[in-house]
Chemist: 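After the structure tokens below, expect a handful of questions from me.
Everything numeric in this text was worked out from a predicted model, so none of it was measured.
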Amino acid sequence: MSKEVILIVGANGQLGTVLSQKLQQIYGNSHVITSDLFKKNDSEPNFITLDATDFKAVEDVVLKNKITQIYHLAAILSAKGEQNPLATWSLNMKTLFNVLEVSRLHKIQKVFFPSSIAVFGHNIDKENTLQYSNLTPTTVYGMSKVAGENWIHYYYQKYGLDVRSLRYPGVIGYQSLPGGGTTDYAVDIYHKAIINEVFECFLAPKTTLPMMYMDDVIRATIELMEAPKENISVRTSYNIAGISFSPEEIAQSIKEFYPDFKIKYNPDFRQAIADSWPKIINDSEARKDWNWKPAFDLKLMTKTMIKNLK
Ligand code: NAD
């Protein structure tokens with residue numbers, strides 16, 4: 001029987017919804033406490049309403065439930081964040097500080113903090129973005145992730161807190177809706193395709209971005225968290241890669257199933273964000289340290305998304 005008790009902060013979002021279910025399968029429902037600002041439905045086992053900007057509330061949940069691991073997912077994402085930069089900085093940093101401090105004070109064994117490809121800016125090799133590239137983000141969200149990476153590195157160096165992190169690319173899954181990122185179009189497009197609607201894309205046809213199918217994202221997260229501590233050489237955040245494609249290419253893969261599928265292009269403010277991001281991520285450190293390998297290519301992802309959404 002597992003001794004772990006896991007707290008997921010921001011569990012009702014795009015990633016948390018799926019990650020919570022997977023951790024419940026692995027550890028058992030009674031070993032996973034999910035939390036978010038609001039309850040989504042009555043069937044969520046062990047759900048606690050928790051505002052992670054409230055230090056005392058986070059500490060109470062950790063102590064009452066004898067938490068041993070925390071997955072900190074709460075954040076305001078890239079596109080939404082640009083609408084209110086100061087509030088985004090404040091929420092993303094405050095929630096992280098609370099999780100790190102509570103973890104330090106109460107000797108949490110492992111913490112997960114997701115970073116993002118938004119940490120990169122223009123002055124990088126976009127076709128082969130290395131682990132240790134320049135980090136000069138163009139959004140406040142990206143700035144909060146760079147700062148977060150440095151803070152987790154600091155907590156590891158200074159206090160020995162075992163915080164692990166991945167720079168997620170755009171995440172695509174059928175189970176949940178995205179929460180305001182620049183890669184959200186790659187989820188929405190499938191929802192429109194299955195109801196035979198024309199899809200209006202907020203990015204230009206040739207905008208290639210790094211993406212990853214949800215199963216790979218969840219597996220990468222759990223593989224990183226379960227890797228032996230001595231294998232973890234990157235204590236900021238690991239580059240990880242799945243599939244890189246453009247709106248034109250994903251539309252083409254959908255046409256294999258829906259030959260009449262139509263896409264229109266109407267780029268908005270998110271185009272500038274996408275243009276500042278990498279196209280292809282080099283994830284050789286993750287492959288070397290904990291044997292990371294993605295399983296889904298564009299074709300398999302499209303087939304799986306359509307089958308499940310239908
Ligand atoms: P999301 O926006 O779908 O979910 C975030 C959740 O956090 C929401 O349910 C929200 O209610 C909750 N939250 C917000 N403020 C909170 C607070 N004060 N206290 C508690 N909960 C709060 O985001 P997601 O797509 O699930 O992303 C999860 C994490 O992964 C984020 O840190 C995000 O930056 C990172 N990430 C996501 C992607 C992606 O494509 N989805 C890509 C890169 C990185």
Side-chain angles (χ1 to χ4, degrees), residues 14-15 72-97 113-154 163-172 178-186 201-212 217 220 233-247 249 267-286 292:
Q14 188 197 3
L15 258 99
H72 172 48
L73 306 180
I76 297 177
L77 274 64
S78 57
K80 207 168 158 197
E82 289 309 286
Q83 275 137 33
N84 200 341
L86 295 184
T88 301
W89 175 263
S90 168
L91 184 126
N92 290 3
M93 298 317 298
K94 181 80 185 136
T95 56
L96 175 63
F97 289 149
F113 166 69
S115 185
S116 161
I117 54 163
V119 294
F120 299 110
H122 284 294
N123 52 355
I124 50 165
D125 180 350
K126 291 196 174 159
E127 307 281 340
N128 180 29
T129 304
L130 300 174
Q131 177 69 43
Y132 296 106
S133 303
N134 285 315
L135 301 180
T136 46
T138 57
T139 58
V140 71
Y141 169 73
M143 284 159 56
S144 75
K145 292 296 186 187
V146 174
E149 289 190 9
N150 283 309
W151 274 103
I152 65 169
H153 181 251
Y154 180 85
V163 198
R164 304 180 183 196
S165 178
L166 297 172
R167 289 174 179 155
Y168 287 141
V171 177
I172 299 157
T182 304
T183 53
D184 290 6
Y185 89 86
C201 186
F202 59 73
L203 296 181
K206 297 201 184 306
T207 314
T208 299
L209 287 171
M211 305 274 187
M212 191 177 282
V217 171
S233 70
V234 177
R235 283 295 178 173
T236 49
S237 186
Y238 278 99
N239 275 10
I240 46 160
I243 326 158
S244 284
F245 59 80
S246 64
E249 287 164 334
D268 65 14
F269 73 99
R270 289 167 280 197
Q271 185 65 45
I273 301 178
D275 287 342
S276 76
W277 284 0
K279 296 179 194 299
I280 300 169
I281 297 286
N282 179 314
D283 61 358
S284 49
E285 273 79 5
W292 166 244

Chemist: Just checking, is any N or O donor in the side chain of Gln271 or Thr207 under 3.5 Å from an acceptor N or O on the other one?
Modeler: yes
Chemist: Which atoms form the tightest heavy-atom contact between Arg167 and Ser237, and what is the distance?
Modeler: N-OG, 3.2 Å
Chemist: Would you say that Val163 contacts Tyr154 through its side chain, given a criterion of any heavy-atom pair below 4.5 Å between the two side chains?
Modeler: no
Chemist: Between Ser116 and Tyr141, is there a side-chain heavy-atom distance shorter than 4.5 Å?
Modeler: yes
Chemist: Would you say that Gln14 contacts Val171 through its side chain, given a criterion of any heavy-atom pair below 4.5 Å between the two side chains?
Modeler: yes
Chemist: Any heavy-atom pair between the side chains of Pro267 and Leu203 that's under 4.5 Å?
Modeler: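 Contact flag for Leu203/Pro267 side chains = no.
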Chemist: So do the side chains of Glu149 and Leu135 get within less than 4.5 Å of each other, counting heavy atoms only?
Modeler: yes
Chemist: Side chain to side chain contact (heavy atoms under 4.5 Å, CB included) for Trp151 and Met93? Distances and angles first, verdict last.
Modeler: CA-CA 10 Å; Trp151 274 103; Met93 298 317 298; 3.9 Å; yes
Chemist: Taking atom NZ of Lys94 and atom OG of Ser144, what is their separation to the nearest 0.5 Å?
Modeler: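 Nearest 0.5 Å value for the NZ-OG distance: 15.0 Å.
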Chemist: State the OG-OH distance between Ser165 and Tyr238, to the nearest 0.5 angstrom.
Modeler: 10.5 Å
Chemist: Measure the shortest side-chain to side-chain distance between Val119 and Pro137 over non-hydrogen atoms and say whether it is less than 4.5 angstrom.
Modeler: no
Chemist: Please report, to 0.1 Å, the donor-acceptor pairs under 3.5 Å made by any side chain of residues 76-87, with sequence neighbours excluded.
Modeler:
from	atom 1	to	atom 2	distance (Å)
Ser78	OG	Thr182	N	3.1
Ser78	OG	Thr182	OG1	2.9
Glu82	OE2	Val140	N	2.9

Chemist: What are the two closest non-hydrogen atoms of Pro169 and Ile117, and how far apart are they?
Modeler: CA-CG2, 4.0 Å
Chemist: Measure the shortest side-chain to side-chain distance between Ile240 and Ile281 over non-hydrogen atoms and say whether it is less than 4.5 angstrom.
Modeler: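 Heavy-atom side-chain distance check fails, nothing below 4.5 Å.
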Chemist: Taking all heavy atoms of Thr236 and all of His153, pick out the closest pair and write down the distance.
Modeler: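 Shortest heavy-atom contact: CG2-CB, 4.0 Å.
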Chemist: Looking at every heavy atom in both Ala75 and Asn92, which two are closest together, and how far apart are they?
Modeler: CA-OD1, 3.4 Å
Chemist: Hey, are Lys206 and Glu249 close enough for a salt bridge, meaning a charged N less than 4.0 Å from a carboxylate O?
Modeler: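 Salt bridge: no.
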Chemist: Set out, in order, the CA-CA distance, both residues' side-chain angles and the distance that settles side chain to side chain contact (heavy atoms under 4.5 Å, CB included) for Tyr168 and Ser115, then state yes or no.
Modeler: CA-CA 6 Å; Tyr168 287 141; Ser115 185; over 6 Å; no
Chemist: What distance separates Ile152 CD1 from Leu96 CG, expressed to the nearest 0.5 Å?
Modeler: 8.0 Å
Chemist: Only counting residues at least two apart or in another chain, list the ones meeting side-chain contact (heavy atoms from CB on, under 4.5 Å) with Ala74.
Modeler: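 Checked Ala74 against side-chain contact (heavy atoms from CB on, under 4.5 Å); matches are Val9, His72.
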Chemist: Can you list the steps and then say if Asn239 with Thr129 is a side-chain hydrogen bond (donor to acceptor under 3.5 Å, both in side chains)?
Modeler: CA-CA 9 Å; Asn239 275 10; Thr129 304; over 6 Å; no
Chemist: Taking all heavy atoms of Trp292 and all of Ala241, pick out the closest pair and write down the distance.
Modeler: NE1-O, 3.2 Å
Chemist: Nearest 0.5 angstrom please: Tyr185 OH to Met211 CE, how far?
Modeler: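 Interatomic distance, Tyr185 OH to Met211 CE, rounded to 0.5 Å: 4.0 Å.
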Chemist: So, taking the atom named CG in Asp125 and the one named CG in Asn282, what distance separates them when rounded to the nearest 0.5 Å?
Modeler: 9.5 Å
Chemist: Go through it in stages, so that I can follow the logic: the residues are Thr136 and His122, the test is side chain to side chain contact (heavy atoms under 4.5 Å, CB included), and I'd like the CA-CA distance, side-chain angles, deciding distance and then a yes or no.
Modeler: CA-CA 7 Å; Thr136 46; His122 284 294; over 6 Å; no
Chemist: For the residue pair Phe120 and Asn134, what are the closest heavy atoms and their distance?
Modeler: CD2-O, 3.8 Å
Chemist: Could you grab the distance from atom CH2 of Trp277 to atom CG of Leu209, nearest 0.5 Å is fine?
Modeler: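 CG of Leu209 is found 7.0 Å from CH2 of Trp277.
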Chemist: Using only atom types and a distance under 3.5 Å, with no angle test, would you say the side chain of Asp184 pairs donor to acceptor with the backbone of Gly181?
Modeler: yes
